[in-house]
Amino acid sequence: MKNLFLVVLIALSVTANAQLFVEPTTTDASFIYVNDTYIYVEKDVELETNSVTGINNINIPSILLRNGSQLLQGPSTGSDELNKGTGIVSVYQEGTTNQYDYNLWASPVGLSYQSTGAVAADGNGLFAFQPSFVSGGVSIPQQVFFVPTGSDPETTSNPAQIGGGFNGSAAPNLLRIASFWLYGYEAGNSTADFITVQDTGTLPAGLGFTMKGVSGTDMTDAGDGIVNNLGVFGDGQGQRIDFRGRPNSGTITATVLPDTQTITGNPYPSALDLNYFLLLNSDSGTFTTETLPNGNIVSFTGTDVTEGMAYFWESDPNAQTHFIEEYQAGYGVYSTMGLLATDGMYVAAQYFMYDEDGNQIGGSIGNGDATLNRRFSPIGQGFMVTGATGQTTDTFTFTNDMRIFVKEGNNSDFRNNEESTENEVVEAVGVGTYYEDINNFPTFSQFKIGININDTYGRELGVGILDHATIGFDKAMDGKSAGSQSTDITFSINEQDQYVINAVPNDEYQALQLAINAETPSEFRFRARDIIDFNYEGIFLFDTLTEIYYDIQNESTLIQLPAGEYPKRFEIRFTREVEEDTDTTEEEEEEEEEEETTTEEETEWEEESQWEEETLGVDIPESTLESLTVFQNNNENQLEISNPNSIALANVMLFDMTGKQIFLHQNLGNKSVYTFPTSNLSTGIYVVTFVTDDGLTKSRKISITNR
């Protein structure tokens, strides 16, 4: 067998007209085996099938990408970028092992033969779930009991069965995909609608599709130490899928309608520079880089085709149901924040809740996880884009310049058991771009706000503070919500839309308006987290009705609201003191330091409280509220508040879980202990809220039990 290992460029055959040409001999198959690296071809690829009567190792793909390997092709245009021939590549990806759970996909390959049996035209062929060794489709690595001399077990695969019914399954040498859930979603003449793929439909390159996972176990090891499906043994390993077909390359386009979503995704057998794709296909400005280490200069101007966001499907696999209304799921949102060389910002889908430290409560790693780095999309990754407001039907574009070699890890919905590379220097070698260390991209000032709603689900909001942002809507920066609940909270940047990512300018003072809907009496618990490069004096939730500030940077804050809409009542505020320019000499500074009489402790206290004193009129730091403790003494049937620091309280209120006020006690003074009888109350959960004379507020839940 003629095996070509780790070849980057292959000498042209005298009969070939492509830069990379692979064909069998009259007696043996020929293939390129790429292991744990990438293969780069400047122009086009021509592959001839190994299905030749009489040769050894029939049906072996012409290129095998293994152990995270990828195929990159250069930024050529015209016929130079059209791959051709009847041969195929083979590349692995891992989907969910849950038969009820979706992934969004995009195929890196197309069919090399048409359904009529004729050879597909040069370029990117249609993708189909066609059970064929020769033409392409979806397969599963096969358990090989007898390996012929000179053969390699990783070359062998079985076509998947695309069957009816609702549930997919896996077993050794068998992968059965439920065709009922195979759909695309694309804009038509005036609307967007689902495209039936199932077992007979096809999709052009650049369109994504939905596919549910499978149940069962397949311990087949194709030779790289990873089995096809660990099943109930778990640990994050998914169902291995073998994509086979002619590799996609070159310019790929798809249709999108204004304010309408389309399923798309990475269409190449390599990673995708997602920032490049989103910025090129949105009205995001002009980008020009200095000469990169690979000699390239990236220069492009974005076009007003999409809003510049990518939406990723996330779901809780513990929801064992096919009924969408019973799913715990939603779309996370990724924004480039208008920058090419950053990690951007990603906020998780709305269904998981988080504790005060930002740790996810419930669910599984990789689903609903805001720590996923969406910056580079791995092979097969699907996502949604939304057409730009006010535009006619238009097309978005993928190019080879966006292709980049980045190993799959925490950037993927598919594989979540990779070792972290956070502290490693990781190069990203691309066709158009090159990044020396993707673990150390330049950062920008940012934070997130986690909001638990009725102790049922969570909403995450992201704030980016950048010099090029504005107070209003910024394309490719401000991220709209992909859907909302009847009780929900978002940013109100304009009157029409709901936003979960808000990019704002680097000003001294910010007041970001929130829009809250409460279908029933509801409670919202706020906490700021994931704070990076933040040079302001705190993060506060401000109630414009009561004029109370809540410090959500240092502790969680519970807000209870009756049913209704609150489009302008609450704001997220943060500010910093404006530094004054002075011409003080070094001698004058020394004299001032000598005259300073305050102690280090007093100075520290003044710096921490200066903003509160000037802006809020608060003359005590909020940390003193921690000394106030709440205890429900059910033996004595009374609520007890301990106040060892003798803080003056303006009022104490008690609410039931519907938001009804049970009692209000005012002008309480600064006693060391307060007690309130609860014997007349029904057993249940209540919320006690107290406000100091200085306007600081604290809320705690209590459980009242009366026998």
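As the structure is a prediction and not an experimental result, all values here were calculated from the model.
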Check: Between the main-chain N or O of L340 and the side-chain N or O of N275, is there a donor-acceptor pair closer than 3.5 Å?
Finding: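 Yes.
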Checklist line | Distance-only polar pair, side chains of Q498 and S481, donor-acceptor under 3.5 Å | finding: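 Side-chain D/A pair, Q498 to S481: absent.
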Next item on the list: Check the pair Y499, F473 against ring pair (Phe, Tyr, Trp, His ring centres under 6.0 Å), reporting the backbone distance first and the verdict last.
Entry: CA-CA 10 Å; Y499 293 84; F473 172 64; 5.8 Å; yes
Item checked: Expected output: side-chain D478 to main-chain A503 donor-acceptor under 3.5 Å -> yes
Checklist line | For D259, salt bridge (Lys or Arg N to Asp or Glu O under 4.0 Å) partners two or more places apart | finding: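 D259 satisfies salt bridge (Lys or Arg N to Asp or Glu O under 4.0 Å) with no residue once adjacent residues are dropped.
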Check: Testing T342, D533, D343 for side chain to side chain donor-acceptor pair (under 3.5 Å) with T443, which one passes?
Finding: D533
Next item on the list: Establish, yes or no, whether the cationic atom of R573 lies under 6.0 Å from the six-membered ring centre of F542 and within 45° of the ring axis.
Entry: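 Pair R573/F542 counts as cation-pi.
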Note to self: Using only atom types and a distance under 3.5 Å, with no angle test, would you say the side chain of D507 pairs donor to acceptor with the backbone of Y509?
What the structure shows: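 Checking the backbone N and O of Y509 against the side chain of D507, no donor-acceptor pair under 3.5 Å is found.
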Next item on the list: For D394, enumerate each residue passing the salt bridge (Lys or Arg N to Asp or Glu O under 4.0 Å) test, keeping only those at least two apart in sequence or located in another chain.
Entry: none
Next item on the list: Quick one: sort the F312 and F383 rings into parallel, tilted or perpendicular, breaks at 30° and 60°.
Entry: tilted
Note to self: Is it true that Y435 and D273 share a donor-acceptor pair across their side chains at a distance under 3.5 Å?
What the structure shows: yes
Note to self: Checking the side chain of N517 only, and the main-chain atoms of D488 only, is there a donor and an acceptor separated by less than 3.5 Å?
What the structure shows: no
Note to self: Donor-acceptor check, side chain of H468 to backbone of M337, threshold 3.5 angstrom: yes or no?
What the structure shows: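 Side chain of H468 to backbone of M337: a pair is present.
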Next item on the list: Look at the side chain of E460 and the backbone N and O of A348, then say whether any donor-acceptor pair between them is shorter than 3.5 Å.
Entry: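 Judged by distance alone, yes, a pair lies under 3.5 Å.
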Check: Do T306 and N281 have side-chain N/O donor and acceptor atoms under 3.5 Å apart?
Finding: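 Side chains of T306 and N281: no pair found under 3.5 Å.
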Item checked: Any donor-acceptor pair under 3.5 Å from Y566 side chain to L514 backbone ->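 Judged by distance alone, no pair lies under 3.5 Å.
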Check: Under the 3.5 angstrom rule, does the side chain of T397 hit a backbone N or O of T253 as a donor-acceptor pair?
Finding: no
Notebook entry, point to check: Applying ring pair (Phe, Tyr, Trp, His ring centres under 6.0 Å), which residue pairs with at least one partner in residues 513-534 are found, sequence neighbours left out?
Noted result: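 As it turns out, the ring pair (Phe, Tyr, Trp, His ring centres under 6.0 Å) pairs with a partner in residues 513-534, which skip direct neighbours, are F447-F534, F534-Y536, F534-F574.
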Note to self: K475 vs E307, test: salt bridge (Lys or Arg N to Asp or Glu O under 4.0 Å). Steps then yes/no.
What the structure shows: CA-CA 6 Å; K475 287 191 176 180; E307 292 186 344; over 6 Å; no
Notebook entry, point to check: Is the side chain of N266 donor-acceptor paired with the backbone N or O of S377 at a distance under 3.5 Å, no angle test?
Noted result: yes
Next item on the list: Would you indicate whether E547, at its atom CD, is surrounded by more than 12 heavy atoms from other residues, nucleotides or ligands within a distance under 6.0 Å?
Entry: no
